[in-house]
Amino acid sequence: MPKQNLQARGPVDGFLEGHAGLRIDGARLLDRLEELAKIGADPAGGITRLGLSAQENAAMAYLRDLCAEAGLATETDPAGNLLVHRPRTRREAAPVLLVGSHVDTVVQGGRLDGAYGVIAALEVLQVLHENDVDLPVEMVAVAFANEEGALIQTPFWGSRALCGSLEDGLAAEDRAGRPVSAYLAQAGGSPERLADAAWSPGAIAAYLELHIEQGPSLERLGVPIGVVDGIVGRTILDIDVVGEAQHAGTTPMADRRDAMVAAAEIILAVQRIATEDAVCATATTGYLEAHPNVTNTITGTVRLTVEVRDTDPAKLVRGEAAVRSECARVSAASGCAVEARASMRSRSVSTAPPLRDAVRGAADTLGLPHLTMPSGAGHDAQIVALVAPIGMIFVPSKRGISHAPGEDTAPADLVHGANVLLHSVLGAQTAAAERV
Ligand code: GLV
Ligand code: MN
Ligand code: MN
């Protein structure tokens with residue numbers, strides 16, 4: 001049971017000072033990151049550990065084993081999320097301080113995106129357990145399932161399920177049309193009980209997530225800790241371009257409805273929208289599938305995904321509108337039918353000022369310089385932000401590389417970040433207790 005000091009509404013005097021010397025075990029953290037990186041290691045480079053795949057399941061099993069060894073209790077919820085708590089705590093018992101991230105990756109992704117935040121959360125929980133630290137608001141660690149949406153195309157699957165915002169979850173499927181329910185059963189989840197994965201309103205007192213920056217700012221400025229003030233919103237459009245498959249040698253150029261050429265025009269327009277036109281912060285065509293994909297046949301259909309991002313909701317709306325209007329223009333000019341459907345919309349969010357202060361206080365305790373900055377990447381935190389206050393900590397990414405095999409962070413920075421997470425958990429007690 002979490003020990004709730006409701007009268008005091010926060011930690012007793014001297015709580016932070018009493019634990020100022022507490023540190024995570026850096027060698028253990030780095031070893032576990034290395035072990036986890038072996039699961040889903042892709043012979044073609046990087047890590048392919050897609051959400052709800054056998055590889056993500058193996059990663060969750062690895063986490064369960066290390067928790068058992070550490071004397072921590074685990075539970076897999078109906079959505080496939082792994083929840084970890086101290087044995088004396090029932091996570092349903094009271095609002096908790098939730099801390100975590102995800103362990104799935106994109107295709108040929110890196111070893112730290114998400115995995116770092118989960119391994120660090122478990123490390124923090126283990127250190128609190130080993131030192132028998134009494135928290136006024138108990139901590140629960142989480143490894144959210146399928147954050148990336150690379151296989152089952154519902155990004156933030158696990159955090160949405162836990163926060164009650166997974167609408168029509170069972171309609172999700174992979175690109176070959178295999179339903180999510182088949183994957184979920186293998187992941188230890190339960191399609192029949194999916195709705196039960198949602199926590200009751202108010203069950204999360206606060207949420208903290210530690211993550212690599214995935215961009216170049218911290219490294220360029222030589223600052224070890226980022227205090228995240230907001231996370232971008234994102235809209236994903238699935239676009240189908242339908243032309244006519246025809247003989248590449250006999251069909252006159254003027255008579256063609258070439259879906260590949262129309263798709264190429266859309267791709268260039270998408271690029272323009274976020275560069276010359278500056279409609280929104282980023283616009284990316286990341287996925288493309290051509291049919292019949294044959295050298296001597298004009299392309300009949302192309303499916304592509306376009307995503308637009310911005311911290312300003314109005315610019316996000318304008319970005320989507322601009323992509324749709326370019327689709328209409330290309331359709332009229334090429335004679336190809338172009339249909340765009342929004343498959344995901346996530347809102348931009350702000351982190352909670354008291355949790356930013358807790359992160360700054362933690363960095364100050366550890367003598368680490370920090371920078372307040374936005375996140376251009378999406379995170380489970382932005383889903384949790386719809387139901388609870390959130391805080392996020394960044395550490396530098398070498399050369400800003402992420403979602404690619406070269407993703408890396410200096411070991412010392414990884415250890416610093418996990419210590420900042422530990423002291424943020426302690427420092428966030430007052431903010432969290434106010435919600436209890
Ligand atoms: C999440 O990984 C994102 O695409 O930002
Ligand atoms: Mn990612
Ligand atoms: Mn991530």
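Quick note: numbers below take in every heavy atom, side chains included, and nothing from hydrogens, waters or symmetry partners. Atoms within a ligand are numbered from 1 in the order they appear, just like the ligands themselves. Just so you know, these numbers come straight off a predicted model, no measurement behind them.
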K.L.:
Using a strict 4.0 Å threshold on nitrogen-to-oxygen distance, state whether R234 and E307 make a salt bridge.
P.N.:
yes
K.L.:
From the N, O or S atoms in E148, identify the one nearest to the Mn ion (ligand 2).
P.N.:
OE2
K.L.:
Check this for me, if you would: do R324 and E326 make a salt bridge, where the nitrogen-to-carboxylate-oxygen distance has to be below 4.0 angstrom?
P.N.:
no
K.L.:
Going through the checks in order, is the salt bridge (Lys or Arg N to Asp or Glu O under 4.0 Å) test met by E219 and K398?
P.N.:
CA-CA 7 Å; E219 184 182 63; K398 286 189 185 170; over 6 Å; no
K.L.:
Examine R303 relative to Y287 and say whether NZ or CZ is less than 6.0 Å from the centre of the six-membered ring and inside a 45° cone about the ring axis.
P.N.:
no
K.L.:
Looking from the Mn ion (ligand 3), what is the angle between NE2 on H102 and NE2 on H211, to the nearest 10°?
P.N.:
120°
K.L.:
Need the list: ligand 1 N/O atoms against protein N/O atoms, distance under 3.5 Å, rounded to one decimal.
P.N.:
from, atom 1, to, atom 2, distance (Å)
ligand 1, 2 (O), E148, OE1, 2.9
ligand 1, 2 (O), H403, NE2, 3.1
ligand 1, 4 (O), R309, NH2, 2.8
ligand 1, 5 (O), R309, NH1, 2.7
ligand 1, 5 (O), R309, NH2, 3.2
ligand 1, 5 (O), G378, N, 2.6

K.L.:
Tell me if the aromatic rings of H102 and Y116 count as close, with their centers under 6.0 Å from one another.
P.N.:
no
K.L.:
Looking at every heavy atom in both L22 and N419, which two are closest together, and how far apart are they?
P.N.:
O-OD1, 4.5 Å
K.L.:
Determine which of the N, O or S atoms in D113 is closest to the Mn ion (ligand 2) and give its atom name.
P.N.:
OD2
K.L.:
With a sphere of 6.0 Å drawn around CZ of R23, does it hold more than 12 non-hydrogen atoms of other residues, nucleotides or ligands?
P.N.:
yes
